Amino acid sequence: MPELSPSQPSAKEPPERTAVAVAGAPHAVEGTPGPPPVTDDPAVTDAVAVDLLRSAVMRLGRRLKHQRVDESLSPTEMSVLGTLARCGSATPGELARKEHVQPPSMTRIVALLESKGLVRLDPHPEDRRQKVVSQTEQAEAMLEESRRKRNAWLAELAGRLDEEERAALRVAAPVLEKLANL
């Protein structure tokens with residue numbers, strides 16, 4: 001078996017935590033677990049909490065994306081359907097702004113979703129040059145099944161937490177929802 005250099009931790013030993021600076025405070029490198037540093041400085045504590053939150057939300061989001069009902073849809077296509085479900089019908093230009101993509105990209109996404117029977121295009125009530133995109137009943141059913149699957153997955157994960165941690169999640173959920181909508 002080849003010797004491991006100090007930069008290659010063995011599978012039996014946890015990797016060393018490497019300190020990096022965040023607003024002047026050392027903390028665990030992204031992806032490595034570890035408690036935040038003990039400090040009385042609220043700015044440092046907030047910076048560390050924000051860093052941990054960002055990392056956790058990104059990793060959890062990536063894992064949630066894998067809990068899909070229809071593997072033939074890209075995450076972007078699913079996101080567009082979710083936006084239509086939350087915000088209602090919209091023009092392709094409005095969808096492009098909400099999804100932070102270029103209008104030509106949104107035109108292609110809408111065409112793909114239409115070809116799959118998940119959206120329909122109707123004439124704009126005030127501007128004949130435009131179309132309004134609406135989700136179909138098939139899309140509504142697929143999104144509901146996707147929500148059910150993702151909720152079940154999250155509930156299973158939350159079931160591994162103790163009661164105090166689940167209580168903290170119940171308190172944090174509305175705050176995270178607010179952050180997501182700012």
Side-chain angles (χ1 to χ4, degrees), residues 9 11-39 41-88 90 95-102 105-106 109 112-113 116 118-119 135 139-182:
K12 296 176 186 171
E13 299 175 23
E16 286 187 37
R17 289 178 49 190
T18 305
V20 295
V22 171
H27 71 286
V29 173
E30 181 179 333
T32 60
V38 178
T39 179
D41 184 346
V44 170
T45 303
D46 286 351
V48 170
V50 164
D51 188 58
L52 290 172
L53 176 63
R54 176 201 45 77
S55 176
V57 166
M58 289 178 69
R59 284 182 284 127
L60 188 58
R62 282 192 298 268
R63 291 178 68 193
L64 266 171
K65 284 181 183 178
H66 292 290
Q67 303 299 314
R68 297 189 330 207
V69 172
D70 187 338
E71 293 290 326
S72 72
L73 293 180
S74 71
T76 302
E77 291 167 331
M78 285 295 292
S79 181
V80 169
L81 292 176
T83 296
L84 288 170
R86 273 189 318 281
C87 303
L95 283 172
R97 281 189 294 283
K98 289 177 182 178
E99 291 293 313
H100 305 285
V101 299
Q102 294 298 314
S105 296
M106 184 56 64
I109 293 165
L112 282 169
L113 292 172
K116 295 176 183 182
L118 298 171
V119 299
Q135 67 178 1
E140 289 175 30
M142 188 196 61
L143 284 172
E144 182 55 39
E145 178 62 19
S146 181
R147 283 186 209 104
R148 186 206 56 75
K149 182 176 181 180
R150 290 173 181 184
N151 285 347
W153 180 79
L154 276 173
E156 191 274 322
L157 281 184
R160 298 178 192 174
L161 303 175
D162 63 35
E163 182 51 42
E164 186 177 319
E165 291 167 325
R166 286 192 301 275
L169 274 181
R170 285 188 290 274
V171 171
V175 177
L176 291 171
E177 176 67 19
K178 182 176 182 177
L179 280 177
N181 293 308
L182 288 179

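In this text, all values refer to a predicted model and were calculated from it rather than measured experimentally. Just the heavy atoms: all of them, side chains too, but no hydrogens, waters or symmetry mates, feed the values below. Start at 1 with the first residue, then count along the sequence.
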Whether the side chain of [X] engages the backbone of [Y] through a donor-acceptor N/O pair (distance < 3.5 Å, no angle test) should be reported.
| X | Y | value |
| --- | --- | --- |
| S55 | D51 | no |
| Q67 | L64 | no |
| E165 | D162 | yes |

State, with a plain yes or no, whether a side-chain heavy atom of V57 is found less than 4.5 Å away from one of L179.
no

Within the structure provided, determine whether L95 and I109 are in side-chain contact (heavy-atom separation under 4.5 Å).
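Result no, sub-4.5 Å side-chain heavy-atom pair not found.
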
What residues, two or more places apart in sequence or in another chain, satisfy salt bridge (Lys or Arg N to Asp or Glu O under 4.0 Å) together with [X]?
| X | result |
| --- | --- |
| R86 | none |
| E156 | R160 |
| E140 | none |

In Å, rounded to the nearest 0.5 Å, how long is the span from [atom1] of [X] to [atom2] of [Y]?
| X | Y | atom1 | atom2 | result |
| --- | --- | --- | --- | --- |
| L154 | K149 | CG | NZ | 12.5 Å |
| R148 | W153 | CZ | CH2 | 14.5 Å |
| K116 | S72 | NZ | OG | 4.0 Å |
| L73 | S146 | CG | OG | 9.5 Å |

Can we say R150 and E145 salt-bridge, meaning some charged N sits less than 4.0 Å from an Asp/Glu carboxylate O?
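The answer is no: the pair does not qualify as a salt bridge.
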
State, to 0.1 Å, how close [X] and [Y] come at their nearest heavy-atom pair, and which atoms those are.
| X | Y | value |
| --- | --- | --- |
| A85 | R147 | CB-NH2, 3.8 Å |
| A158 | L169 | CB-CD1, 4.4 Å |
| A139 | L81 | CB-CD2, 4.0 Å |
| L84 | Q135 | CD1-N, 4.2 Å |
| C87 | K98 | CB-NZ, 3.5 Å |

V171 and V175: side-chain contact (heavy atoms from CB on, under 4.5 Å), yes or no, with the steps?
CA-CA 8 Å; V171 171; V175 177; 5.7 Å; no

Given the rule in the side-chain contact (heavy atoms from CB on, under 4.5 Å) test, do K65 and M78 qualify, once you have shown the distances and angles that lead to the verdict?
CA-CA 9 Å; K65 284 181 183 178; M78 285 295 292; over 6 Å; no

Less than 3.5 Å apart, any donor N or O on the side chain of T76 or E99 sitting next to an acceptor on the other?
no

Take L118 and L112 through the test side-chain contact (heavy atoms from CB on, under 4.5 Å) and record every step on the way to the result.
CA-CA 9 Å; L118 298 171; L112 282 169; over 6 Å; no

Check the pair R170 / E163 against salt bridge (charged side-chain N to carboxylate O under 4.0 Å, His left out), numbers first and verdict last.
CA-CA 11 Å; R170 285 188 290 274; E163 182 51 42; 2.6 Å; yes

Any chance you could lay out the side-chain contact (heavy atoms from CB on, under 4.5 Å) test for V80 and M106, step after step, and finish with the verdict?
CA-CA 9 Å; V80 169; M106 184 56 64; 3.7 Å; yes

